[in-house]
Every structure is written in C-alpha cells, then in structure tokens.
Participant: 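Next up is a structure, given as structure tokens.
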Amino acid sequence: MLDPRLIRNELEETAQKLLKKGATLDTSTLAELEAKRKSLQVKTEQLQSERNKSAKSIGKAKSQGEDVAPLLAAVADLGDQLKEAEASLSETQSALDEILMGIPNLPHESVPYGKSEEDNQEVRRWGEPKAFAFEVKDHVDLGAALGLLDFETAAKITGARFSVMTGALAKLHRALITFMLNTHTKDHGYTEIYVPYLVNRESLTGTGQLPKFEGDQFVTTSEQGYCLIPTAEVPITNTMRGDILEADALPLKYVSHTPCFRSEAGSYGRDTRGMIRQHQFEKVEMVQFVKPEDSYAALDRLTEHAETILQKLELPYRVVNLCGGDLGFSAAKTYDLEVWLPGQDRYREISSCSNFESFQARRMKIRWRNPETKKIELLHTINGSGLAVGRTLVAIMENYQDEEGRVHVPKVLQHYMGGIKVLDSTV
RNA sequence: GGAGAGGUGGCUGAGUGGCCGAAAGCGGCGGUCUUGAAAACCGUUGAGGGUUUGUCCCCUCCCAGGGUUCGAAUCCCUGCCUCUCCGCCA
C-alpha cells in the first residue's frame with residue numbers, strides 16, 4: 001500500500017509516477033472520497049467527544065446522588081446520530097481502502113520506462129553460451145530419451161502443466177535444493193526457515209497478491225479458505241506481520257525451500273512445452289527485512305547471492321533491470337536473472353529479485369525502532385529467488401548435454417549425487 | 001473429536017460497568033552518585049489517526065467482529081488463537 005498521505009497531499013504527482021508502471025489513477029474519485037472521509041471523520045469524532053463528555057457527567061451526577069433523568073434526555077438522540085456518522089465514515093473509509101489496496105507500488109527512479117519485457121534493460125552478462133558441435137535437444141527430449149522426465153504420466157495423475165521426475169533426475173532436483181540452501185546459509189548468512197504451504201487471506205493481502213490477483217491463486221474449499229502459496233515470499237514475509245523489530249536485530253535474512261503453486265491464469269498457450277511454466281514447482285527463496293536506508297544496497301547483495309548459484313553451476317546468465325511496465329504490483333524495483341537455455345536459444349527468467357520498500361511493510365505493519373528518530377517506522381522488505389529449482393534443472397539439462405543425449409552433473413553437485421557424474425539411460 | 005482454562009502495553013501480570021490508556025514488577029531511556037562501571041536512588045516510558053503545523057486539543061485501540069448501555073478492558077453473542085486433560089493419529 002502507498003502512504004495514504006500521498007493520496008491526500010500529492011495526488012497528481014503520484015498519479016504521474018504510476019504512469020511509468022502503466023497504471024492510471026482515478027484522481028477525481030479519489031479526491032472526492034478523500035474530502036468526504038475528512039469531513040465525516042471530523043464530524044464523527046466531534047460526536048464521539050460529545051458522547052464521552054456527557055457520559056462522564058452522567059457518571060459524576062449519579063455518584064453524587066443527583067437526578068440524571070434530564071441529562072439522559074439531553075443525549076437521547078446522540079446515540080443514533082453517532083451510529084449514523086460512524087456507519088457512513090466506515091463505508092467511505094472502506095471504499096477508499098479498497099482503491100488504495102489496488103494501487104501498485106511506485107517505481108524507483110532508476111527503473112527504465114517501457115511497456116513490456118522487450119524494454120527491460122540489460123545490466124550485465126556472465127559466462128558465455130556454449131557452442132555445441134551437434135544439434136541440441138531441449139530438456140523435454142533429453143528427459144524423455146533418458147526415461148527420467150514424464151509429462152504424460154503427470155497429465156494422467158493430475159493434468160497439464162505438471163511433471164513427474166524419476167531416478168537420478170529426481171535426485172539431481174533434490175540435490176539442487178540442498179546445494180542452494182547450503183550456499184545461502186553457509187556463505188551468505190541466511191537463516192533457514194520452514195513455513196506453511198497453505199496461508200490465510202490476510203497473508204496474501206499483506207504481500208500484495210490479494211485483493212487484486214485472486215485468479216492467480218489456488219484457493220482451497222476448506223472452511224478457512226486457505227490458499228496454496230504462490231511463493232515462499234508470502235509465508236516468510238508474513239512471519240513478521242504486526243511486529244516491531246529492534247534496530248540491532250536488523251537485517252533479518254531468511255531462506256526457505258518450498259513448493260509454489262500458481263494457476264497461471266491468462267498464460268494459456270505460453271510455454272506449454274516442458275517444465276518452464278508449471279502449476280507446481282520448487283523454489284528456494286531469500287527474504288530480508290532491512291532498514292529503509294539499506295534496502296537498495298541489500299537488493300544488490302541479494303541479487304549477487306542468487307547469481308552466485310548460477311556461477312557455481314557454471315550456467316551463463318544475464319541480469320536485467322525490469323522496466324516499469326514489466327514490474328510486479330508490489331515491487332519498486334526488480335532485477336531478473338535470466339539463464340541461457342540452449343533448447344530455446346535465448347535467456348529465460350530464473351530468478352526475480354525485488355525491493356518492495358515500505359509497500360508490503362505498510363500493509364503488514366512491520367516496523368522497527370529507529371534509534372536516530374526515536375520513532376517507530378516502517379521497514380523495507382526485499383526478496384528474490386535463489387533460485388527457481390525446476391528452471392535450474394532445465395538449464396542444467398540443456399547446458400550440460402552431450403552428443404549422446406546424456407546430461408553431465410555440474411561439479412558442485414557431484415558430491416550431492418553420491419558419485420553420479422553423468423545421467424544416462426543406465427542410472 | 002470430547003472436557004476445561006485463558007487471550008490486557010517490549011515482557012510478566014492486576015483490573016467484573018464511570019475516577020482505566022490501564023496498578024505493580026521487569027526491561028528501555030534520562031539523571032544523581034562514581035575515575036569509569038555496577039548497585040542504589042529519582043524521574044520518564046504504548047500504538048495509530050484527526051486537526052493544526054500551535055507538542056494545544058480531539059478520536060480510536062486491552063485477540064477480532066457484532067451487541068447491550070447515557071457510558072464497556074469489564075456484561076452478552078460469534079469467530080480466531082493459546083494452554084491443560086482425555087481420545088485419535090503421521
């Protein structure tokens with residue numbers, strides 16, 4: 001959520017900034033509602049004050065044994081007036097809140113202008129896409145030939161956009177998770193955390209998936225209406241919901257492996273082949289709670305932490321600064337890591353590292369005591385994938401294939417694989 | 001699933017209709033003392049919002065949402081959560 005003060009005092013400038021993100025504000029409706037809220041609030045508080053005063057004097061009179069009947073008569077209709085005023089105030093306030101909760105975060109000034117993926121700005125590249133002396137296969141063909149990756153069976157069990165992995169491929173998938181978690185906990189100072197995979201609606205509202213993106217979630221029909229997490233960002237960030245953190249506890253850095261569930265509504269026909277876009281996938285996620293002044297430096301560090309995984313796996317990638325139009329709802333700035341996929345002859349997103357500034361913290365009331373101002377202030381949240389495990393597996397399969405259709409195991413993963421160095425039809 | 005107890009400020013914990021935004025203790029902060037520190041003593045210390053930018057006033061908040069009442073932390077209803085015992089279970 002944006003600071004309501006921006007809507008009150010800097011409405012036009014805010015609307016202007018949101019254009020970069022491709023969002024338009026209905027400024028006249030907002031201004032109207034805000035004016036209404038103001039007058040209703042003043043009126044309501046006046047009535048409340050009156051009620052408090054009269055209640056107090058009645059109490060005093062009663063304790064002195066005076067006749068309170070005339071006093072009671074004087075406030076007879078106050079209750080109804082107050083009830084009415086409170087009702088219209090809360091009505092106006094919720095109308096305002098509903099709009100406010102649907103306004104995306106403002107983009108940081110360093111975010112480039114643009115409408116889509118095409119306009120993202122390449123920041124840097126690492127590694128050189130390998131030149132293959134043979135016709136490369138994509139991961140689907142490689143996996144099928146090895147007999148380790150099976151989409152038909154997944155479709156039978158469940159439906160489209162699911163996969164079944166067996167044997168050494170399933171093991172490699174698991175090895176990746178352990179490798180990533182170990183790297184972030186040992187080398188990058190993150191605390192591993194295990195969280196629920198079903199969350200309530202407050203949590204999804206806190207990080208920004210609700211109310212606007214209900215259609216993207218898998219909602220259960222349980223009594224509580226729990227939702228499957230679309231990313232570990234949701235449960236991890238919400239661990240601190242409503243908390244006030246001490247300055248010396250910051251930054252807090254958490255890493256977690258969870259499955260992620262996404263309905264992929266609206267992506268029909270995109271990436272229908274293979275494991276790139278699934279309803280269920282594993283992800284290792286890093287989340288940090290940081291002081292506002294540190295958040296952009298922390299975003300750079302966190303992005304590097306994600307890059308480290310790709311570098312250790314020796315997978316070529318590039319970093320892009322997302323343009324305004326491609327930026328997510330809650331993000332002020334996002335770096336995407338895109339890994340080279342020989343099967344597609346292009347770079348594909350494998351991690352998304354974002355600074356949300358105080359946008360999520362305001363929704364969740366996550367605050368800290370600032371020793372300098374001696375005040376309680378909102379902190380900043382940042383997070384990033386480190387990495388999307390399924391896509392990393394795809395990248396390994398395609399980048400480490402050989403002419404015989406075998407897949408070599410990256411050096412850093414070999415000791416997680418119990419000595420298996422090559423995935424061929426015998427493993 | 002059955003039975004019971006309970007949710008109060010950073011923490012512990014008192015408060016069963018008005019004098020309660022809330023005792024007391026701990027913690028935090030400031031001070032006295034001290035070469036410095038500790039101890040002791042004194043003082044201070046919740047959050048959000050409105051109005052105003054005048055620390056002057058006002059409002060809201062004692063799990064959440066309703067209700068009763070002139071007046072609710074306190075009474076009633078619903079929900080959520082925690083704890084104890086029994087049952088069941090990975």
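Here the structure is a predicted model, which is why all the values come from computation and not from measurement.
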Participant: Which word best sums up how the rings of A/H184 and A/H188 line up, parallel for under 30°, tilted for 30 to 60°, or perpendicular for over 60°?
Facilitator: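 Because their plane-to-plane angle lies in the 30° to 60° range, the rings of A/H184 and A/H188 count as tilted.
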Participant: Could you tell me if A/D26 and A/T24 have a donor-acceptor pair between their side chains, going purely by distance under 3.5 Å?
Facilitator: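 Note: A/T24 and A/D26 side chains miss the donor-acceptor criterion.
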Participant: Of the options B/rU51, B/rC70, B/rG10, whose atoms approach the side-chain atoms of A/R37 most closely?
Facilitator: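 Comparing B/rU51, B/rC70, B/rG10 against the side chain of A/R37, the answer is B/rU51.
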Participant: To the nearest angstrom, how far is A/E50 atom CD from B/rG71 atom C1'?
Facilitator: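 For the pair A/E50 CD and B/rG71 C1', the rounded distance is 15 Å.
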Participant: Using the C1' atom as the point on both nucleotides, what is the distance between B/rU12 and B/rA22, in whole Å?
Facilitator: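 After rounding to an integer number of Å, I get 15 Å for this pair.
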Participant: With both distances under 3.5 Å as the test, what is the Watson-Crick or G-U wobble partner of B/rC20?
Facilitator: none
Participant: Answer yes if the side chains of A/T303 and A/D300 hold a donor-acceptor pair under 3.5 Å, and no otherwise.
Facilitator: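 No donor-acceptor contact under 3.5 Å links the two side chains.
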Participant: Using the P atom on both, measure B/rG4 against B/rC59 and round to a whole Å.
Facilitator: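 My reading of the P atoms in B/rG4 and B/rC59 gives 42 Å.
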Participant: Pull out every protein N or O sitting under 3.5 Å from an N or O of nucleotides 60-65 of chain B, one pair per line with the distance.
Facilitator:
from, atom 1, to, atom 2, distance (Å)
B/rU60, OP1, A/R51, NH2, 2.5
B/rU60, OP2, A/N52, ND2, 3.4

Participant: For A/Y113 and A/Q121, does a side-chain donor sit closer than 3.5 Å to a side-chain acceptor?
Facilitator: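 No.
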Participant: What's A/K83 touching, base or sugar-phosphate or nothing? Going by heavy atoms closer than 4.0 Å.
Facilitator: sugar-phosphate
Participant: Under 3.5 Å for both donor-acceptor distances, Watson-Crick or wobble: does B/rU52 have a partner, and if so which one?
Facilitator: none
Participant: When the C1' atoms of B/rG28 and B/rU34 are compared, how many Å lie between them, rounded to an integer?
Facilitator: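 22 Å, rounded to whole Å.
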Participant: Report the nucleotide, chosen from B/rG18, B/rU51, B/rC58, that has the shortest atom-to-atom distance to any side-chain atom of A/V42.
Facilitator: B/rU51
Participant: How many whole angstroms separate atom CZ of A/R369 from atom P of B/rG46?
Facilitator: 10 Å
Participant: Taking for each residue the nucleotide of RNA chain B with the nearest heavy atom, is it A/E246 or A/R5 whose nucleotide lies nearer the 5' end?
Facilitator: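 Nearest-nucleotide comparison on RNA chain B picks A/E246.
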Participant: Under a 3.5 Å cut-off for both distances, is B/rA73 Watson-Crick or wobble paired, and to whom?
Facilitator: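 Base partner found: none.
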Participant: Under a 3.5 Å cutoff, is there a donor and acceptor pairing between the side chains of A/S256 and A/T258?
Facilitator: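 No.
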Participant: Can you tell me the Watson-Crick or wobble partner of B/rU82, both distances under 3.5 angstrom?
Facilitator: B/rA5
Participant: Using atom P of each nucleotide, how far apart are B/rG17 and B/rU53 to the nearest Å?
Facilitator: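 After rounding to an integer number of Å, I get 44 Å for this pair.
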Participant: Indicate, with a heavy-atom threshold strictly under 4.0 Å, whether A/I376 touches base, sugar-phosphate, or nothing.
Facilitator: sugar-phosphate
Participant: Which atom pairs, donor and acceptor, lie under 3.5 Å between side-chain atoms of residues 410-421 of chain A and protein residues at least two apart or in another chain?
Facilitator:
from, atom 1, to, atom 2, distance (Å)
A/Q414, NE2, A/V409, O, 3.0
A/Y416, OH, A/N182, ND2, 3.1

Participant: Rounding to a whole Å, what distance do you find between A/R241:CZ and B/rC80:P?
Facilitator: 16 Å
Participant: Name the residue closer to the 5' end of RNA chain B, choosing between A/I244 and A/L72 according to the nucleotide with the nearest heavy atom.
Facilitator: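 It is A/I244, whose closest nucleotide lies nearer the 5' terminus.
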Participant: Can you tell me the distance, in whole Å, between the CZ atom of A/R367 and the C1' atom of B/rG9?
Facilitator: 13 Å
Participant: Would you please indicate if the ring centroids of A/F359 and A/F329 are separated by under 6.0 Å?
Facilitator: yes
Participant: If you measure from the C1' atom in B/rC85 to the same atom in B/rU74, how many Å do you get, rounded?
Facilitator: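 Those two atoms are separated by 29 Å.
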Participant: Quick check on B/rU51: is either OP1 or OP2 less than 4.0 Å from any side-chain nitrogen or oxygen of A/K38?
Facilitator: yes
Participant: Paired with B/rA40 by Watson-Crick or G-U wobble geometry, both distances under 3.5 Å: which nucleotide is it?
Facilitator: B/rU32
Participant: Using the P atom as the point on both nucleotides, what is the distance between B/rG71 and B/rG18, in whole Å?
Facilitator: 14 Å
Participant: Roughly how many Å is it from CZ in A/R362 to P in B/rG49, rounded to a whole number?
Facilitator: 10 Å
Participant: Using atom C1' of each nucleotide, how far apart are B/rG25 and B/rG15 to the nearest Å?
Facilitator: 15 Å
Participant: Quickly work out the A/E45 CD to B/rU52 P distance and round it to whole Å.
Facilitator: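 Between P of B/rU52 and CD of A/E45: 12 Å.
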Participant: According to side chain to side chain contact (heavy atoms under 4.5 Å, CB included), who are the partners of A/D141, at least two apart in sequence or on a separate chain?
Facilitator: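 With sequence neighbours excluded, A/D141 shows a side chain to side chain contact (heavy atoms under 4.5 Å, CB included) to A/K137, A/D138, A/R273, given in chain and number order.
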Participant: Using both distances under 3.5 Å as the test, list the Watson-Crick or G-U wobble partner of B/rC61, or none.
Facilitator: B/rG46
Participant: Which is true for A/K60 with a 4.0 Å heavy-atom rule: it touches a base, it touches only sugar-phosphate, or it touches nothing?
Facilitator: nothing
Participant: Who does B/rG87 pair with, Watson-Crick or G-U, both distances under 3.5 Å?
Facilitator: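 Its partner is none (no Watson-Crick or G-U wobble pair with both distances under 3.5 Å).
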Participant: I need the NZ-P distance between A/K43 and B/rC59, as an integer number of Å.
Facilitator: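 Roughly 18 Å, once rounded to whole Å.
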Participant: Please give, in whole Å, the distance from B/rC29 P to A/E372 CD?
Facilitator: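 It is 16 Å, rounded to the nearest whole Å.
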Participant: Evaluate whether atom CD of A/E98 has more than 12 neighbouring non-hydrogen atoms of other residues, nucleotides or ligands under 6.0 angstrom away.
Facilitator: no
Participant: Tell me yes or no: between the side chains of A/T381 and A/Q360, is some donor less than 3.5 Å from an acceptor?
Facilitator: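 Side-chain D/A pair, A/T381 to A/Q360: present.
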Participant: Can you tell me which nucleotide in B/rU51, B/rC59, B/rC70 comes closest to the side chain of A/V75?
Facilitator: B/rC70
Participant: Could you work out the separation of B/rU55 and B/rG65 based on their P atoms and round it to a whole Å?
Facilitator: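 Straight-line distance between the two P atoms is 33 Å.
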